[in-house]
**Student:** 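Dropping a structure here in C-alpha cells format, bear with me for questions.
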Amino acid sequence: MIKKIIGLLGVLLIVQGSAKSQDKVQITRISTPITLDGMPTEEAWQAIPALPVVQYEPVFNGEMSETSLMRVAYDENYLYVSGEMYTSDPSTITTNSLSRDKYSQGDVFGVVIDGFNDNQNATWFYTNPDGVRFDMAVSNDADFGGGRSAINGSWNTFWDVETVRNEKGWFAEMRIPFSSIGVQVQDDVTEMGIIIYRWISSANERHIYPSIPPNWGLGNAKPSQAQDVVLKGIKSKKPLYFTPYVLGGVNTMSNLKSDSSAYYFNDDVKKEVGFDLKYNLTSNLTMDVTVNTDFAQVEADDQQLNLSRFSLSFPEKRQFFQQRSSIFDFNFGRDRLFYSRRIGLDSSGNPVRILGGARLTGRVGDLDIGMINMQTADSDNLPSENFGVLRIRKSVLNQRSYMGGIFTSRIGADGSSNIVYGFDGDVNTVGDHFVEFKMAQSIDDGIPKEDRYDFKETSAIRFGVRSTSSTGFGYQFTFNRMADDLRPSLGFVRVGGTSQKFARLSYGWVSGKNSVFRRTGVRVFYYGRFYNSEHEMLSFTKGIQGRTLSTQWEGKFKYYGDLSIEFNTGKENIPAGNDFNLIGKIYIPSGTYTDEKIQLRYQFSESWTVGGNINANTGTIYDGNISELELSPRFFVSKQLELGGSYRITHLSFPERQGRDQTEFTSHLAQFKGQFAFNKKATLSTFLQYSNVAELVGANIRFRYNFSEGQDLWIVVNEQNYTDRVQNDPRLPNLPYLQARSILLKYNHTFSF
C-alpha cells in the first residue's frame, strides 16, 4: 500500500501549482520624512499614486459606496501604509474598542504582509478610527483544513499607528519596522506579498487590494493571494529588546490537614524577577531568551464541557511561544507532536517554574527554522526537566510546497527520557490541490527495551489529499495511523492505538448580485476511527471504534451574518473494560451505540452593535438523549465598555440501567467577560466562569496600564471557589469556600538598543 501511495505522489508532483499570476509591483521608496500624525498629507505621500482597490464583499467587484485611497511606501527601516477612508456620513463611523488586541466589530483599516513571500505565513496589522493597534500572525495560507490553526491572535510585535477623524471620514498612517515583519534581502532586493483593505462596518462592505476573488473562507488574509511587491536598498535595523520584570504578590491555597480533620490555608508570598530578551540575529532570524519566565498576566483558560471519554486540548496564550509558532506545527489531525503547553504546566494545568530557555525562529533562504530549549524546576508532580525542539521546513518545487522534519526531546532529572523524530511534506500539485504525508516515531524509556524501537508499535503515519478553495467542488481525504505505544510526551495525542479515516466532499458558490447570500456551500463529512489490531486498510466496517457521517449546509449572508445547519449520525464502540462516567456523573457501560444529532449555528453580522453566536443541537448520545443550547452574546455599550460571555446549558437523560445511579443531569457552563477601557493605555477586564460539572466558580480580573509599547503595569487577581462543599466521602470534612486565590502585581519595561 505504501509503495502505491508513493507512486501516486510521484505522478502528482509532475505538475506544479503557481500561487500567483500577477506581475510584481515596485513600490515607492521615500527620501523625505513622513510625520506619523494620521494625515497622509506630506509631499512624499501625495507623489505616490493610490492603489486600485475593489469591493471584496458583499458583492465582489460591486459598486463601492465610499471612496477609499490606500498607499504604501518604505525607507531603509520601515514600511509605511496609509489609508484615506472617506465617509459621506461620518456619524456612521464605528469604533467599539479602545483596548489593544481586543477587536470588537467596528470600522477597520488593515494590512497583511507576507514578509518572506513564502505564500504561507504573514503578519496582520490593523487599526480602528481611534488608532487602537491589533496584530495577529497568519499561517498555513489561512487554511483551517486538516487540523490546522491558521490565525494566532496572541502574537504581538512592535509597530506604530496614528489616526484622525473629521467631517470627511477617517485617516490612518502605519509605520511598521522590517525587524517586526521579518524579511529576506538578496542582492539588495526584497520581495514580499501585501494585502491592504478597509472594512466599513455600517455597510458590511470591504474594499481590498489586490483584487482577490472570494473563493476562500479568509481570502482577505490569504498570503498566496497577496500582491507581490519589490523593495530595494533595505537595511533593516537589528534592535535588541531587553524586557526585565518584577513581580510581587501572594498565593493562597486550601490544603487538607494530614489527619484529614480539617482544611487550612497556606499563603505563599511571591517575589520574582526575571527577563526576556529578543534580538534579530539577521533580518529574518529572531532569537528569544527568557530567564525565570513568568506568565502572570495571561488570561485564564476557558472551561470546556467534555462529552467524550478522551482528553481535551487548550490553546496556547503565553507570549513567549507566539513568535512564528506555526513553524512548529506537526499535526496528525487533532493530535500533534509538539504542544507547547507541556512546557511550564503539569497535566492538571498547574504552573511549573521555568528557569529559563531560548527560542530561535526564522527563515534562511528557502528553509524555515525553529528551535526551542527550556529548563524547568522540579515541582510537586514533576522532576526538573529539559525540553528541546528542532523543526525545519524547506520549500520544494514551488512556494506553497515544503518538506521538513522535527525532533523533540524531554529529559527528566530522575533519568526519564522521551525522544520523537518525524518527517513531513505538503505539496501543492496544481491550483488549490495539495498532497501531504507525515511519519513519526517516539522512543520512550517507559517502554521495555525489546519493544522501544519497534516502528510499527511506536510510530504515526498520515497521508492525505485536499483542495483549499471554498467555491466549486472541494474535497479532502486523509488516513492516520497512531500506534499503540506512540508516546510523544512533548505533544498531544487524544486517542492512541487507532487508525483514522477522514473524507470531505463539498460544493460552494458565490451568490449573485441580487441574492441575500454572499456565499453558500454544502459539505459531507465522514470520520472513522478503527482499532489497529483489527483494522484492514480498505475496510470501513472491520475493527471500528467510532464513526460519524455529517451533512452540512452553510450560508453567509451579505448583511445578516452566517447560518449553518448540520445533521450527524454516528456509531461508537466502547470495548469491555473501558466503561466510564460521562462528565463524571452518568455511567456509560461498554457496548456499541448509535446516535443522531441535528445542529444549528448562527453568527451575528459584524455590522451590528450586538454580536456573538447562537448554537443549538438535539439528538441522541450513547443510549440517552441530549439537548443543548449555547448563547454567546457581545454587546458594545460604548467604545469604552464591552460586555459579553456565553451560557451553555446541556440536558442529558438516560434510561435506567444496572450500575447507573444517575440517569439525568443538566450541565450549566457560564462565562461573563467585561472590559472597560479608561483610555488607550488603561484597561480593566473581568472574566468570570461557573461550571456545575466541575463544581467551581472562578474569577480572573486584570488591570493593565500600558505606559508605552513594551512598558506595562499589571494587577492580576485570580480566585477559584467551590460551589458544592459536601464531600462524597463522609469521613472527610466539608470543602472550604475558597480553593485558591492569587493577587499579583507585575511591572515590565522594554529597553531597545
**Student:** Ignoring hydrogens and geometry beyond distance, is a side-chain donor-acceptor pair present between Asp329 and Asn331 at under 3.5 Å?
**Tutor:** yes
**Student:** Are Phe753 and Phe242 an aromatic pair by the rule of ring centers under 6.0 Å?
**Tutor:** no
**Student:** Checking Ser139 against Asn121: is there a side-chain donor and acceptor pair closer than 3.5 Å?
**Tutor:** no
**Student:** Taking atom types as modelled, find out whether Arg198 and Ser68 have a side-chain donor-acceptor pair closer than 3.5 angstrom.
**Tutor:** yes
**Student:** Do Ser201 and Thr94 get their side chains close enough for a donor-acceptor pair, meaning under 3.5 Å?
**Tutor:** no
**Student:** Answer with yes or no whether the side chains of Asp276 and Tyr245 bring together a donor and an acceptor at under 3.5 Å.
**Tutor:** no
**Student:** Would Arg165 and Asp130 pass as an ion pair if we require N to O under 4.0 Å?
**Tutor:** yes
**Student:** Is there a donor in the side chain of Glu642 and an acceptor in the side chain of Asn96, or the other way round, less than 3.5 Å apart?
**Tutor:** no
**Student:** Output yes when Glu272 and Arg353 qualify as a salt bridge under the 4.0 Å nitrogen-oxygen rule, no when they do not.
**Tutor:** yes
**Student:** For Tyr279, check side-chain contact (heavy atoms from CB on, under 4.5 Å) against everything at least two apart and list the hits.
**Tutor:** Lys238, Leu240, Leu277, Leu281
**Student:** Establish, from distance only, whether the side-chain atoms of Thr683 and Gln675 form a donor-acceptor pair under 3.5 Å.
**Tutor:** no
**Student:** Consider only side-chain N and O atoms of Glu42 and Thr32, and report whether a donor and an acceptor are under 3.5 Å apart.
**Tutor:** no
**Student:** Tyr78 ring centre to Arg175 NZ or CZ under 6.0 Å, with the angle to the axis within 45°?
**Tutor:** yes
**Student:** Mark yes or no for whether Arg391, through its side chain, and Gly370, through its backbone, hold a donor-acceptor pair below 3.5 Å.
**Tutor:** no
